[in-house]
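Inspection log for the structure reproduced underneath, given as C-alpha cells.
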Amino acid sequence: MLRLPRFGIVTPTRVEDAVAALATPGARVVAGGTDLLPNLKHRLDAPPVLVSLARLPLGHVTRDGASIVIGAGVTLAALAEHPLIAAEMPSLARAAGLVASPILRNLGTLGGNLCLDTRCRYVNQTEGWREALGRCLKSGGDRCHVVPGGQTCVAALSSDCAPVLVSLDAEVVLHGPAGRRVVPLEALYRADGVAHLTRAPDELLVEVRVPVAPGPRLAAYVKWTVRKSIDFPLISVALRFDLDAEGVDGRIVGASIVAGALASTPRRVRKTEALHGLRLADPATADAVARLAGAQLKPLDNVPYDAVYRRRMIPVHVRRAVAALAAGAS
Ligand SMILES: Cc1cc2nc3c(=O)[nH]c(=O)nc-3n(C[C@H](O)[C@H](O)[C@H](O)COP(=O)(O)OP(=O)(O)OC[C@H]3O[C@@H](n4cnc5c(N)ncnc54)[C@H](O)[C@@H]3O)c2cc1C
Ligand code: SF4
C-alpha cells in the first residue's frame, strides 16, 4: 500500500490568506487533491504544508460582458453540466465530462486540471521503480529516458481542459502577493516538464475568462484512450471553427487546432489560415484539417502507449470529429 508522507494543512477562507500561506518554502496548493495526492504517495514531491482551497469562494460561473468567467474551484462535474457552458462552449463541457471518472470529476476542479503536473511513463511510477531505472531530469537525475541525450524534460501535459481552453483563447487570473494579473492561458505553460507552469509558487489561479464566440462557431474535443474511463488522454485535440453568417453551411473564417498530451504545453497547429474559405460541410475539409494536424502533431514515447500508433491515429480521429461536426453530430 502506498502511504501519504506527513504534511501540515491550512484551510484559509480568504484568497489573500491562501497567498500568504503559500510564502512558506515548498508549500503546495491542494484543490480536489486528485492529482496532487497520488503524486505525493508516489513520492514525487514532499511539501511541508498544503494550502487547501476547499473553503475559498472560487465556485462561480458567470457571464461578464463578452466573457464567461469560471472560478478555479468549479468542479469538473459542475462544469460538464453547467447550462451556460453547454450553450456557449460545448467543447469545454465535453472535455470536462471526459476527465477520469464520476468520482474524480466530483472532486477535481478546473484550477487543478489546468495546473496538473506533467506526466511521463518513466516518472509516474513508484519510487522503487524509478530508482531501478535510474533517475531522470524530473526525478533528480541528469538524463531523459524519452529523448536520450535531451537536456529538457518532455513530460506530457495531460489535462483535458487545457487544449480546449487554449483553442477558445481563454485567459487566467493569477492572484499573488502584489494582487491580480491576467495572462493568456497559453502563456501559463512553458516547454519544460520539470517546471511547466509560469505561475510563481505563491500565486493562485483564481479564475478563467473565456471570450464568447462573436458569431457562428462549431467546436469539438477529440479524446482517445484505450479504456473508456479513468484514463488520461493518449490522443487529445481541440478543434474550433468560426464560420461566416451562413453557419454550418458557410465558410470557415477562423480556425484553431490545439493538441494536448504531446509535450509539457498544449501544442497549437500552425498555418490554420489555409482552412479559411473552406466549407465545413464539404467532405474535403475534414481531410484538409486532418492532414494539417497529422503533419504537425508528433507524439513522443512519454505516455504509456505506442507513439507511432498515436501519430497515425491523430488524423483519423480529427477527420472523424470534423465530419461529425459538419453533420451536426457533435
Ligand atoms: C485515476 C486518475 C485518472 C485521471 N484521469 C484524468 C483525465 O482523464 N484527464 C485529466 O485531465 N485529468 C485526469 N486526472 C487528473 C485529475 O483528476 C484532474 O486533472 C483534476 O482536474 C485535478 O484537479 P484537482 O482539483 O483534483 O487538482 P489537485 O490534485 O488538487 O491539484 C493539481 C495540481 O494543481 C495545483 N493547483 C490546484 N489548484 C490550483 C489553483 N487554483 N492555483 C494554482 N495551483 C493549483 C496543485 O498544487 C497541484 O499541483 C486523473 C487522475 C487520476 C487519479
Ligand atoms: S520526459 Fe524524460 S526527463 Fe521528463 S519525466 Fe520523462 S524520462 Fe524524465
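Just so you know, these numbers use all the heavy atoms, side chains as well, and skip hydrogens, waters and symmetry mates. Start at 1 and go down the list; that is how both ligands and their atoms are numbered. Note that the structure is predicted; figures quoted are calculated from it, not measured. Throughout, residue positions are numbered sequentially from 1 according to the sequence presented.
- Proximity to G32 (heavy-atom distance under 4.0 Å) selects the following atoms of ligand 1: 24 (P), 25 (O), 26 (O), 30 (O).
- Scanning all protein heavy atoms for the shortest distance to atom 28 (P) of ligand 1 gives G33 N, 3.5 Å.
- Heavy-atom contacts of L116 reach the following atoms of ligand 1: 15 (C), 19 (O) (cutoff under 4.0 Å).
- The nearest heavy-atom contact from the protein to atom 46 (C) of ligand 1 is V29 O, 3.1 Å.
- Looking only at protein heavy atoms, the nearest one to atom 42 (N) of ligand 1 is L205 N, 2.9 Å.
- Nearest protein heavy-atom contact of atom 1 (C) of ligand 1 is I230 CG2, 3.4 Å.
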(message) Could you walk me through whether D169 and R240 satisfy the salt bridge (Lys or Arg N to Asp or Glu O under 4.0 Å) test, starting with their C-alpha distance in whole Å, then the side-chain angles of each, then the deciding distance to 0.1 Å, before giving a yes or no?
(response) CA-CA 10 Å; D169 297 334; R240 170 192 133 193; 3.0 Å; yes

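- Taking a cut-off of under 4.0 Å to the non-hydrogen atoms of A31, the atoms of ligand 1 that pass are 25 (O), 30 (O), 37 (C), 38 (N).
- The ligand atoms of ligand 1 that sit less than 4.0 angstrom from a heavy atom of S159 are 11 (O).
- In this structure the side chain of P233 reaches within 4.5 angstrom of the side chain of S158, judged on heavy atoms.
- In this structure, I103 places its CD1 atom where only 12 or fewer heavy-atom neighbours from other residues, nucleotides or ligands lie under 6.0 Å away.
- Atom 33 (C) of ligand 1 has C115 O, 3.5 Å as its closest protein atom, hydrogens excluded (heavy atom only).
- Here atom 19 (O) of ligand 1 lies nearest to N113 when heavy atoms of T34, N113, D45 are compared.
- Remark: R268 engages E186 in a salt bridge, criterion side-chain N to carboxylate O under 4.0 Å.
- Both V237 and L278 sit in one connected hydrophobic cluster of ILVMFWY residues. Membership requires side-chain heavy atoms under 4.5 Å apart, directly or through other members.
- No continuous path of hydrophobic side-chain contacts links L174 to L56 [ILVMFWY only; heavy atoms under 4.5 Å].
- Nearest heavy atoms, P12 versus V51: CG-CG1, 4.0 Å.
- The heavy atom nearest to atom 5 (N) of ligand 1, considering only G73, A100, A27, is found in A100.
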(request) Could you check R209 against E207 for salt bridge (Lys or Arg N to Asp or Glu O under 4.0 Å), going step by step and ending with a plain yes or no? (result) CA-CA 7 Å; R209 304 181 70 89; E207 228 168 59; 3.4 Å; yes

(message) Run the salt bridge (Lys or Arg N to Asp or Glu O under 4.0 Å) test on D249 and R279 for me, step by step, so that the C-alpha distance in whole Å, both residues' side-chain angles and the decisive distance to 0.1 Å come before the verdict.
(response) CA-CA 7 Å; D249 295 322; R279 288 188 188 276; over 6 Å; no

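- Note: no N/O pair closer than 3.5 Å links L98 and ligand 1 by distance alone.
- Summarising the local packing, CD of E273 is surrounded by more than 12 heavy atoms from other residues, nucleotides or ligands at distances under 6.0 Å.
- Within 6.0 Å of NZ on K228 lie more than 12 heavy atoms contributed by other residues, nucleotides or ligands.
- The single protein non-hydrogen atom nearest to atom 27 (O) of ligand 1 is G112 CA, 3.4 Å, given as residue, atom name and distance.
- Distances between N or O atoms of L204 and those of ligand 1 include no value under 3.5 Å.
- Within the 4.0 Å heavy-atom cutoff, D117 does not count among the residues contacting ligand 1.
- Residue contacts with ligand 1 include K223, since one or more of its heavy atoms lies under 4.0 Å from the ligand.
- Atom 7 (C) of ligand 1 has its nearest heavy-atom neighbour, among V74, L44, L36, D160, in D160.
- Near V30, with a cut-off below 4.0 Å to any heavy atom, the atoms of ligand 1 are 30 (O).
- In the hydrophobic clustering, V154 connects to Y122, W129, L133, V146, V147, L300, either directly or through intervening members, whenever side-chain heavy atoms lie under 4.5 Å apart.
- Counting heavy atoms from C-beta outward, Y221 and P163 have side chains that approach closer than 4.5 Å.
- With salt bridges taken as basic N to acidic carboxylate O contacts below 4.0 Å, one links D117 and K138.
- Below 4.0 Å from some heavy atom of L53 lie the following atoms of ligand 1, by number and element: 38 (N), 40 (C), 41 (N).
- Counting heavy-atom neighbours within 6.0 Å of R190 CZ, excluding the residue itself, gives a total above 12.
- Listed by number with element, the atoms of ligand 1 under 4.0 Å from a non-hydrogen atom of S158 are 9 (N), 10 (C), 11 (O).
- Contact atoms of ligand 1 toward L104: 1 (C), 2 (C), 3 (C), 52 (C) (distance under 4.0 Å to a heavy atom of the residue).
- For atom 13 (C) of ligand 1, the nearest protein heavy atom (residue, atom name, distance) is F232 CE2, 3.1 Å.
- Heavy-atom minimum distance, T75 versus R105: CB-O, 3.6 Å.
- Ion pair D242/R217 flagged as a salt bridge, since at least one NZ, NE, NH1 or NH2 atom sits closer than 4.0 Å to an Asp/Glu carboxylate oxygen.
- Among protein atoms, those of element N, O or S found less than 2.8 Å away from atom 4 (Fe) of ligand 2 are C153 SG.
- Of the polar atoms of D231, at least one N or O is found under 3.5 Å from an N or O of ligand 1, judged by distance alone.
- The N/O atoms of T109, backbone and side chain alike, include one that comes under 3.5 Å of an N/O atom in ligand 1.
- Within the 4.5 Å cutoff, the side chain of E88 has heavy atoms near those of the R63 side chain.
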